[in-house]
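Heads up: the structure comes next, in structure tokens.
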2 protein chains.
Amino acid sequence: MSEINTETLILNSAKKVFITHGLEKAKMQQIADEAGINKALLHYYFRSKDKLFEAVFSDVLKEIVPMMKNFFGDNIPFTHKIELFVETYINLIRKNPFLPEFVFTELNRNPERLIQMMVSFGVNPNVILTQIEKEIELGNIKKINPKQLLINILALTIFPFLAKPIVKGILLNNDDDQFCRFIEERKVHISEFVINAISV
Amino acid sequence: MSEINTETLILNSAKKVFITHGLEKAKMQQIADEAGINKALLHYYFRSKDKLFEAVFSDVLKEIVPMMKNFFGDNIPFTHKIELFVETYINLIRKNPFLPEFVFTELNRNPERLIQMMVSFGVNPNVILTQIEKEIELGNIKKINPKQLLINILALTIFPFLAKPIVKGILLNNDDDQFCRFIEERKVHISEFVINAISV
DNA sequence: GTCTATATTGTGATAGAC
DNA sequence: GTCTATCACAATATAGAC
């Protein structure tokens, strides 16, 4: 907390502000206040708002992408992989509730960056796709388009967070506790749902 | 095309610009250019940017919400309902590719508005939830939390559009045709997937 | 490196002629 | 109703003292 240098102090403050407000609604003044320093220092260290944002976004991706790598890559059994991904992802969001909206907004602003970053981190979807194909050949799961299945798992896991306001507002009486329990229940629900859908 | 009044001309131009750029990146000047008129006229008709946006957003919701109402409400069989929703929703997006991102961005900006609008349009999730419960009691489908199932269907349908850039970029060689075919295949895929997951 | 003060720019909004 | 010209303000960015 105490002996931190100014650059990382700024980076952390900026991360907090950018993630909760998004690029354009986040103000340099607010970031400076959050860091307890002056506006001019932000420019001294990062030259421009855009540059600062880039730095923050890279940092965030470095937290997420390795997780995706585990999901896509490691040679653990497919059904375990689903559970692992759902569990890991949901726990990550717990810590940073605004992450999904943040990533998706910026994803739509500049898709290339995220894709490039995933490639440079060695994330390769072909590993999990061929794994799925093999499971089909072995007769362990139903015949299914592996890409569709992959998207299904991501959709089931990520979507509730993207749509949190409407899910909470329409289905859960706008109650945060209920939403929490809903998500907790979802950890096992998704695995069961997917496995039911694909088991022969 | 020709004998249209200025107000609806503005509304249509604004819709186009707001949907493709979002509230803050959309500029009044750009909307004026799109409409072939002057900036000042926008204020004459709609007083402020916010008011203009509200008008646009209401219009957009009026297109979407009745569709949701069919899904939530009508007393057609549940399995048919899934197919109907997937088909209808995907076709709607085809016509307006930027709709999902637009709605979700604004949803996170002001959840109350969308919820209130759905209520005022008579959308009531309880109808479909009790329908699911009844199907379970009858032994037609597996025991499952109806709310989880409802979210699953929405997630499977909507998520690919929200994540389009990454889906296209990582899985489909950045090829729009492939994405199109992927979505087309998805229409039947989702129904099959869900029905497999819940059938006893 | 850190600050205060100021320049610059973009954009929503208004005044007022026609 | 529609336009031109202008205001007002917010927010990024820079100059320059310390």
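Reminder, nothing fancy here: chain letters follow the sequence lines and each chain counts from 1.
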With the side chain counted from C-beta on, respond yes when Phe161(B) and Tyr89(B) share a heavy-atom pair under 4.5 Å apart, and no when they do not.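 In short, these two side chains touch, coming nearer than 4.5 Å.
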Ignoring hydrogens and angles, tell me if any N or O in the side chain of [X] forms a donor-acceptor pair with the backbone of [Y] under 3.5 Å.
X	Y	result
Asn124(A)	Asn126(A)	yes
Gln148(B)	Phe182(A)	yes
Lys49(A)	Phe46(A)	no
Lys187(B)	Glu87(B)	no

For Lys69(B), the option from Ile64(B), Val127(B), Val123(B) that meets side-chain contact (heavy atoms from CB on, under 4.5 Å):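 So the option named by the test is Val123(B).
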Using a heavy-atom cut-off of 4.0 Å across all strands, would you classify Ala32(A) as base, sugar-phosphate, or nothing?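 No contact at all - Ala32(A) keeps every heavy atom at 4.0 Å or more from the nucleic acid.
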What is the distance, to the nearest angstrom, from the [atom1] atom on [X] to the [atom2] atom on [N]?
X	N	atom1	atom2	value
Lys27(B)	dT9(C)	NZ	C1'	12 Å
Ile37(B)	dT2(D)	CD1	P	8 Å
Gln30(A)	dA10(D)	CD	C1'	14 Å
Ile31(A)	dA11(D)	CD1	P	12 Å
Asp33(B)	dG12(C)	CG	P	12 Å

Specify the residues of residues 42-55 of chain A, ordered by number, for which at least one heavy atom lies under 4.0 angstrom from an atom of DNA chain C. Tyr44(A), Tyr45(A)
Any residue in residues 7-24 of chain B with a heavy atom nearer than 4.0 angstrom to DNA chain C? Just list them by number, or reply none.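 Result for residues 7-24 of chain B: none.
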Grouping I, L, V, M, F, W and Y whenever their side-chain heavy atoms are under 4.5 Å apart, do Ile76(A) and Ile132(A) come out in a common cluster? no
What distance separates Asn96(B) CG from Lys15(B) NZ, expressed to the nearest 0.5 Å? 8.0 Å
Pairing donors with acceptors under 3.5 angstrom, does anything connect the side chains of [X] and [Y]?
X	Y	value
Asn110(B)	Glu106(B)	no
Asn145(A)	Arg186(B)	no
Gln131(A)	Lys81(A)	yes

Please enumerate all protein N or O atoms sitting under 3.5 Å from an N or O of nucleotides 4-6 of chain D, with distances to 0.1 Å.
unit_1, atom_1, unit_2, atom_2, d
dT4(D), OP2, Asn38(B), ND2, 2.9

Below 4.0 Å: OP1/OP2 of dG1(D) and any side-chain N or O of Thr6(B): no
